[in-house]
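In listed order, ligands and their atoms are each counted from 1. Remember, predicted model here, so these are calculated numbers, not experimental data.
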Amino acid sequence: RKTRVAVVFGGRSSEHEVSCQSAKSVLPHLDAERFEVVPVGITPQGQWALGTDPNALEAGAGNLPTLRDRSDLTPVEPGQALRDVDVVFPLLHGAWGEDGTIQGLLELGGLPYVGPGVFASAAAMDKIFAKKLLQAEGLDVGRFVALDRTAATLTLDEREHLGLPVFVKPSRAGSSVGITKVSDWADLDDAIFEARRHDPKVIIEAAVPNVREIELAVLEFPDGRVEASLPAELRPVGGGAEWYDFNAKYVDDSYEADIPAKLDDDVTDRLRETAVRAFRALDCQGLSRVDFFLTEQNELIVNELNTMPGFTPISMYPKAWEATGIDYGTLLTTLIETAIARGSGLR
Ligand code: ADP
Ligand code: MG
Ligand code: MG
Ligand code: K
C-alpha cells in the first residue's frame, strides 16, 4: 500500500496563514504514486480537524488562506487524526509547531516525522538559546543582549555595547512579527513592549550596517548525508524597504531574490560549510534554512535557523534546492524518505 503521510498545517501561531499557504502548495506536489496524503488542519484556536483541504480555504490576513472562523470543521483528537498514518509532515511555522511541541507529541506517539527533533526545534525557535549554541560552536552571531523575563530595559553599558540602531525581537517568533528597528534610544521601551506582546523573552541585537541577507537550505538525505544548497540572496529593491519585515516577506514587492546569490566562490564555499556547521551545532535533522548576514567585509554572521521554513514553490527553501539541482517534488520525497529512514525514538 502507499505510504500514508499526514500533512499537519495551520496552527495556533501568528504564522497560521503562512502555514496554510505552504500546505496548499505541498499537497498537490506530493508524489501521488507513492504517497497517500491525509491533510490535518489545526485552527488558530488549536482545534485539530480532519478532511480540511487547504486548497479549499478562504483568504484571511494578507490575502493568505486560513482556517480562522470555520464552524463547519469536524473536530478530532490528535491521536485520532494521526491513526494509521506512517509519517507526519508537520508543516507548521512558529510556536506550537516549529518549536518542538508537536515533535514531542509525535515522539510520544512513536511516529516518524519530517524535520528536526524536539531539542533542535525548540533551540532554533528561541533566538537567545540558538545564538548561545552557535557561539559555543565558534560561529559569529553578532552583538546581542538577552532581556530575560525580569529585565525591564537595557542598562547604559548594554546600550554602549550595542550602539544604534538595534533590532528588538521576541526571542521566540518568526515572519518578522513583533520586531522593531530602533534608531533612537527614546523609542527602545516601546519596542520592548511590542516584542513582549509576543514573548516575555526579548533579544536586542546591534544592526549590521549595509547587510546582505543570504539564506541556505540544508537537507539531510535518507543515508544521513547533510548538504547545503547554493546560497540565495534577498535584496531590497527600489530603496523603499529598510529591512525584511512582514510586508516585504508576504505582501509587497520590496524585496527580490537572487537564486543563486551573486557571490565569489570562496564566500559561497564558506557559507555552505558554515550552514552545515550551524545545522549540526543545534543538532538539527531533516531540514533547516540557515539565514546569514554577510557584512561589508564578507564576514558571515549566522542570524537564525528556521527548522520549518516557508514551503511554497516560490519560497526560498525549495527555490534554493531547485537552483542546486533538486526539484520541488523530489525535495518533498527526500524529506519524507529521510524521516522514515530515521524512524522514531532516540537517534
Ligand atoms: P524572523 O525570525 O522573524 O525572521 P529575524 O531575526 O530573521 O526574525 O529578523 C527579521 C529581519 O530583520 C531580518 O531578515 C533582517 O531584515 C532584519 N534584521 C534582524 N536582525 C538584524 C540585524 N542584527 N542587523 C540587520 N538587520 C536585521
Ligand atoms: Mg525566523
Ligand atoms: Mg528571519
Ligand atoms: K527561528
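Side-chain contact annotation: Thr43 with Gln47, donor-acceptor N/O pair under 3.5 Å absent. Neither side chain, His198 nor Ser14, offers a donor N or O lying under 3.5 Å from an acceptor on the other.
For the Mg ion (ligand 3), protein N, O or S atoms under 2.8 Å: 1 in total.
More than 12 heavy atoms of other residues, nucleotides or ligands shown are found within 6.0 angstrom of CG on Asp31. Surrounding CD of Glu160 are at most 12 heavy atoms belonging to other residues, nucleotides or ligands under 6.0 Å away. Within a 6.0 Å radius of CD in Glu33, no more than 12 heavy atoms belonging to other residues, nucleotides or ligands are found. Annotation: Arg83, atom CZ; neighbour count of heavy atoms from other residues, nucleotides and ligands within 6.0 Å does not exceed 12.
Atoms of the protein (N, O or S only) found under 3.4 Å from the K ion (ligand 4) are Ala124 O, Glu304 OE1, Leu305 O, Asn306 OD1.
Pairs of residues two or more places apart, or lying in two chains, that qualify as salt bridge (charged side-chain N to carboxylate O under 4.0 Å, His left out) and include a residue from residues 163-176 are Lys169-Glu205, Arg172-Asp199.
Annotation: ring-ring contact (aromatic ring centres under 6.0 Å, His included) contacts of Tyr244 (sequence neighbours excluded): Tyr255.
Distance alone, capped at 3.5 Å, places no donor-acceptor pair between the Thr330 side chain and the Ile326 backbone.
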